[in-house]
Amino acid sequence: ESVEQLTAPVVEEAMDGSGATFHGAGREDVDALMLGSGRPFVIEVEDPHVRDIDTDQLQADINDFADGKAEVEGLRLATHEMVERVKEHDASKTYRMGVALDEPVDRETFEAALEELDGATIYQDTPQRVDHRRASKTRTREVYSIDGTLDGDTAEIEVHGEGGLYVKELISSDEGRTEPSLA
């Protein structure tokens, strides 16, 4: 379930609309958990018949509906300017990932690989896992910073990257479709 699926139906129903469009600052994969305070979004309701909404009650209703899978805070009625700000929002993200290595790697090799990625421009062909629903093209994205700790055949990596950076493929290379990569 996406954040849109966990929020938009509740807002559309509360405003008695004929549809809803979710405008979010970035996306998450199904196996990624958003930490911290989250990201802004706007839900645009088409043909609303109710405009005077108790936002505190609506926020509680959304959170009840989401049942712990997503949480909304600071809900308020949006303006057209807010929609534009969300669309133009810098969607850079920081990810913390647990990585299982195929075999143990020595510390020097690990640190050299991280150093190569720190501040690098990454060339990514559309990943195999999303190629069926996204345009096949090569994207360039920046790794702003990367750090990690190594423990035998596991590592914990923290990467701050430009919005749209496919971080799983940054680690695995996706069979050479991401260059450079940690792999």
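Values in this document were obtained by computation on a predicted structure and should not be read as measured data. Residue numbers count from 1 along this sequence.
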Distance (rounded to the nearest 0.5 Å) between [X] [atom1] and [Y] [atom2]:
| X | Y | atom1 | atom2 | result |
| --- | --- | --- | --- | --- |
| Met82 | Glu44 | CE | CD | 13.5 Å |
| Arg96 | Asp147 | CZ | CG | 12.5 Å |
| Thr149 | Arg107 | OG1 | CZ | 8.0 Å |
| Gln5 | Lys69 | CD | NZ | 9.5 Å |
| Leu101 | Thr154 | CG | OG1 | 7.0 Å |
| Gln124 | Ser173 | CD | OG | 10.5 Å |

Please name the pair of heavy atoms, one in [X] and one in [Y], separated by the smallest distance, quoted to 0.1 Å.
| X | Y | result |
| --- | --- | --- |
| Leu117 | Leu182 | CD1-N, 3.7 Å |
| Glu46 | Ala20 | OE2-N, 4.0 Å |
| Ser172 | Ser181 | C-OG, 4.5 Å |
| Ala14 | Ile53 | O-CD1, 3.6 Å |
| Ala70 | Leu6 | CB-CD1, 3.9 Å |
| Arg141 | Glu162 | CA-OE1, 3.3 Å |

Please say whether more than 12 non-hydrogen atoms of neighbouring residues, nucleotides or ligands are located less than 6.0 Å from [atom1] in [X].
| X | atom1 | result |
| --- | --- | --- |
| His80 | NE2 | no |
| Asp64 | CG | yes |
| Glu175 | CD | no |
| Glu179 | CD | yes |
| Gln128 | CD | yes |
| Asp102 | CG | no |

Please confirm whether the backbone N or O of [Y] pairs with a side-chain atom of [X], one donor and one acceptor, at under 3.5 Å?
| X | Y | answer |
| --- | --- | --- |
| His160 | Tyr144 | no |
| Asp54 | Gln57 | yes |
| Asp118 | Ile146 | yes |

Does a donor on one side chain sit under 3.5 Å from an acceptor on the other, for [X] and [Y]?
| X | Y | result |
| --- | --- | --- |
| Thr109 | Asp106 | yes |
| Gln59 | Asn63 | no |
| Thr126 | Arg139 | yes |
| Glu142 | Thr121 | yes |
| Glu4 | Ser2 | no |

Exercise. Test side-chain contact (heavy atoms from CB on, under 4.5 Å) on Ile157 and Phe110 and set out the steps.
Key: CA-CA 11 Å; Ile157 310 277; Phe110 177 72; 3.8 Å; yes

Self-check item: Shared hydrophobic cluster for Tyr123 and Leu165 (ILVMFWY, side-chain gaps under 4.5 Å)
Solution: no

Exercise. Assess whether side-chain contact (heavy atoms from CB on, under 4.5 Å) is satisfied between Met97 and Leu170, documenting all intermediate values.
Key: CA-CA 11 Å; Met97 299 170 280; Leu170 178 67; 5.7 Å; no

Quiz item: Ile43 and side-chain contact (heavy atoms from CB on, under 4.5 Å): which partner among Val11, Leu75, Ile62, Val10?
Solution: Val11

Practice problem: For the pair Phe41 and Val72, evaluate side-chain contact (heavy atoms from CB on, under 4.5 Å) and give the outcome as yes or no after the intermediate values. | Solution: CA-CA 10 Å; Phe41 66 87; Val72 173; 3.9 Å; yes

